[in-house]
Protein chains: 4
Amino acid sequence: MKEKITEQSIRLFEKKGFSETSIQDLVESIGVTKGTFYYYFSSKEELLLDIHLGYINELLQHQERILNDNSKSCKEKLFEIVRMLITNIKTQGQAAKIFFREMKNLSEERLAIVVPKRDQFRLNIEGLIIEGMKLGEFRPDLNASIITFGILGITNWSYQWFNPSGKSSDSEVAEIFVEMILKGIQVK
Amino acid sequence: MKEKITEQSIRLFEKKGFSETSIQDLVESIGVTKGTFYYYFSSKEELLLDIHLGYINELLQHQERILNDNSKSCKEKLFEIVRMLITNIKTQGQAAKIFFREMKNLSEERLAIVVPKRDQFRLNIEGLIIEGMKLGEFRPDLNASIITFGILGITNWSYQWFNPSGKSSDSEVAEIFVEMILKGIQVK
Amino acid sequence: MKEKITEQSIRLFEKKGFSETSIQDLVESIGVTKGTFYYYFSSKEELLLDIHLGYINELLQHQERILNDNSKSCKEKLFEIVRMLITNIKTQGQAAKIFFREMKNLSEERLAIVVPKRDQFRLNIEGLIIEGMKLGEFRPDLNASIITFGILGITNWSYQWFNPSGKSSDSEVAEIFVEMILKGIQVK
Amino acid sequence: MKEKITEQSIRLFEKKGFSETSIQDLVESIGVTKGTFYYYFSSKEELLLDIHLGYINELLQHQERILNDNSKSCKEKLFEIVRMLITNIKTQGQAAKIFFREMKNLSEERLAIVVPKRDQFRLNIEGLIIEGMKLGEFRPDLNASIITFGILGITNWSYQWFNPSGKSSDSEVAEIFVEMILKGIQVK
DNA sequence: TATGAATGAGCGTTCATTCAT
DNA sequence: AATGAATGAACGCTCATTCAT
C-alpha cells in the first residue's frame, strides 16, 4: 500500500504539482482514506522526501557503476551517463520532474539530506571531465565546473520535452547530445 | 501601484512558489489590503499571466533584434542569443524561474496565449541553426530540433545555478557555453 | 462582532470545555462562518488569552481599588475582596471557571503574560495579611503565604458550587466566609 | 497491563489534559499498540471513569474509617480528614486534579455513578459539622453547608499549589489549615 | 493477549474571492 | 482608488474506534 501511494503520488505531483495535489486527491484516486495515508507517512512532505530519495539514490548508484567500469574511456563514460539520463526519462521522468521542480517544498532539514546527494552527482561528472582533461581526452583548457553545468542543462532539460515514444529514440538523442558535447556544431 | 504589486509578486513567487504565496502575503509585504489587489487584477492567475507575458515578450523582442541584424553571422547571432539569456539572469532571473516553473498554474486558455510565444522563441533558434547549416557555418548533418533543445537546456538551466555576482561573469559563462556548443570539448 | 464572539465563546468554553468546543461549534451558534472568526482572532488560543486577560485585569483593578482605600481596616479590606470574588460569580463566573480550568491550554509564551498577573493578585492578599499582622488586626504568628492559599481556596472553589440565584445571596456567603476566616468555627 | 495503562494515563491526563491526550500518546509512551488499549478498555471515557472511581472510592473509604473511630472528637476527626486530603496530594494528587478538572468529559450516565459519591464525601463532612455543633464543639450558629464548601475549598484548592517536597510538610499545612478553620486568623 | 491496517468524522487554519462603502 | 468585513471551500492532519488475524 505504501508503494501504491508513492507511485500514484508521483503521477499526480508531476501532473498537477505538489502543492496543487491534495492528500484528498491522492487517496481518492487510489480508493482509500486519508487515515490510511497518515498510517504510512507522517506528513505530505515526508512523502515528497521519499520520492526525492528514491530518485537520486538510484541515479547515484547507476552513475557509480558507470564510473567504476575501468574498461571504459572518459568519453565512453560520459556517453553512458548522458544515455542513462535520457533513457531514465521513460521510467523515471515523472519523478525527475518532481525532483527538479518541487525541491523548494522540502524543509531545511530535509533539504540537508537531499542536496548533498544532488551535488555529489554533479561533482562526479565534474571529476570525470577533469580526469578526461588530464588523460588528454578532453581539451586541457576547459572550465570543468561550468562545462558540467552545461552538460547537466542539456540532459535535465530533456525531461521537459523528450517524448520516449516520439520520433527519436533515447539512444539517438543521447548520441546527438554526446556528439554535440564532444565535437560541437561548427564546421571545422 | 499595479507595477509595485507585480514586482513584489515576482520576488515572492520566485522565493516561495506561486501556490505557496498567498495574496495576503503579497499585499501585507507592500502595505496595502486585499481589496487593492483585486482592484488591479481580476485574479491571482491573471497576475501570473502578466508575469509570463512580461518575460517572454521582452525576450522575443530582444531575440528578434538580434536575428534581424544582417551584419552578423549565424555563429555571432547564436552567441548573442546565449549571452542575452545568461545576462538576463541578473535582471530577469526571478521572472524566468517563475516562467519555467509555474506554467502549470495557468489555465488552458491562458496557456494558449503563452505557449505559442515560448515555442516561437525556440523555433527562431531552430531556424537559425538551419540557416547556419545551409550557409556552411554549422555542420550539415545536424538534427536542428534536438540540437536546439540542447542549447536551450544549457541556457535555461543556468537560471538554477548561475550567480551573477559570483566568480564568472555573464559574458565569460556565455563564451564558455558558445565555445562548447560550437567546438565541443574533445581534443581534435 | 469580536465582542459577540468572545462572549459566546465564554459561554461555550465554560459549558463544554475549551478543547471540546470547536470553532465550528462557536461560529455556528452565532450564525457566522469560520472565516469571520479568523478575521478577528489569529487563533483559538488567542481568543483564550483574550478571555484570560479580560478576567484577571478586571479583577486586579478592582482589588487595587479596595487595597488603596485608606479609610478601611485590613479586616474590612479582606471582607471587600472576598465579597468581590463571590459577587463576581454572578457576572464573571463563567470566565472565572475558564480562567482556572483552561490555563493549561495556553502556550508558554502566553502563560508568561497571564501567570504574573495571577500571582500578583495572590501576593496582594498575602501583603494584606502581613500588614494586618503588623497592625495587630491579625494574629502575629500566621503563615501568611499558606493562609492566603487557604483564603483563595475558599473563594475560588465557590465558582464550582455557588449559585447566585440560590438560597444564600453573595453578601451572605461572603459574610459567612469572612467570619469563618476571622473567628474560626470553634466555640471559644 | 491494565493497571500500567491506567497509571500512565493518570500521569498524561494530569499533565496535558484528557482531551489533549490521545490514545496514541498513551500507548506509545508505554510501548504497546492501540489494539491493546481497546482490549482492556471499551473506550477512552471508560478509562476516565476508572480513574474517577479509583480516586473517590479510596477517599470515601478512608473518610469512613476516620468518621467511625469513636475514640475521636469532631475536631479531631475534622483534622484527620483535612490531613488525609493534604497528605493525599503526594500519592494521589494527579488523580485528584483529573477528578476535579475532567469531570465534564464523562457522559451523563457515567456522571450518575460518580456524582453521588462526590456528594456523599461532602455530606459526610457537613454531617460532622452538624454533629460538632450539637456536641458543643463548634459554634451553634454555623451554616453547616456553606462552611463545608469553605473547608472543601481550602483542601481541594491545595492540589493546585501544594508541593509535597516543598518547604512545608503535609502535616504542617494541615495543622495551619485546621487551626485557621477552628480559631480564625483574628486577634481575640 | 495483542497487533496492524484501515476508517470516517472532525479539527484548526488558510485562502482566493466578493462586495458594500 | 482603496478598504474592511465576510464567505465558503478546501487543506493538512489527528483521533477514537473497529476488526481480521
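Chain identifiers are assigned alphabetically (A, B, ...) following the order of the sequence lines, protein sequences preceding nucleic acid strands; residue numbering begins at 1 within each chain.
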Hey, does [X] reach any base, or is it just sugar-phosphate, or nothing, if we go heavy atoms under 4.0 Å?
X       : value
A:Thr21 : sugar-phosphate
B:Ser22 : sugar-phosphate
A:Phe37 : nothing

[X] [atom1] to [N] [atom2]: how many Å, rounded?
X       : N      : atom1 : atom2 : answer
A:Phe41 : F:dT14 : CZ    : C1'   : 18 Å
D:Leu47 : F:dT17 : CG    : C1'   : 15 Å
A:Leu12 : F:dC11 : CG    : P     : 12 Å
C:Tyr40 : E:dT13 : OH    : P     : 18 Å
A:Glu28 : E:dT7  : CD    : C1'   : 14 Å
C:Ile5  : E:dT13 : CD1   : P     : 14 Å
B:Phe18 : E:dA16 : CZ    : P     : 8 Å
B:Glu20 : E:dT14 : CD    : P     : 15 Å

Note to self: For the backbone of D:Glu14 and the side chain of D:Gln94, can you confirm whether one donor and one acceptor N or O come within less than 3.5 Å of each other?
What the structure shows: no

Next item on the list: Under a 3.5 Å limit for both distances, which nucleotide forms a Watson-Crick or G-U wobble pair with E:dA20, could you say?
Entry: F:dT3

Measure from the side-chain heavy atoms of [X] and tell me the nearest of [options].
X       : options               : answer
A:Thr36 : E:dT7, E:dT17, E:dG12 : E:dT7
D:Lys34 : F:dA16, E:dA2, F:dT7  : F:dA16
A:Thr33 : E:dG10, F:dC11, E:dT7 : E:dT7
A:Val32 : F:dA2, F:dT3, E:dT7   : E:dT7

Margin query: As a quick check of understanding, evaluate side-chain contact (heavy atoms from CB on, under 4.5 Å) for B:Thr21 and B:Ser9, giving each step before the final call.
Written below: CA-CA 9 Å; B:Thr21 304; B:Ser9 77; over 6 Å; no

Margin query: By nearest heavy atom, map D:Gln24 and A:Asp25 onto DNA chain F; which one lands nearer the 5' end?
Written below: A:Asp25

Item checked: Upstream residue (5' side of DNA chain F) when A:Tyr38 and B:Gly31 are each assigned their closest nucleotide -> B:Gly31

Note to self: I need the single residue from D:Arg11, D:Gln8, D:Gln24 that forms a side-chain hydrogen bond (donor to acceptor under 3.5 Å, both in side chains) with D:Ser29. Which is it?
What the structure shows: D:Gln8

Notebook entry, point to check: Between atom OG1 of A:Thr6 and atom CE of A:Met1, what is the distance when rounded to the nearest 0.5 Å?
Noted result: 11.0 Å

Check: Between B:Ser19 and C:Ser43, which is nearer to the 5' end of DNA chain E once each is assigned its nearest nucleotide?
Finding: C:Ser43

Margin query: Over 60° means perpendicular and under 30° means parallel, so tell me whether C:Tyr55 and C:Tyr159 are parallel, tilted or perpendicular.
Written below: perpendicular

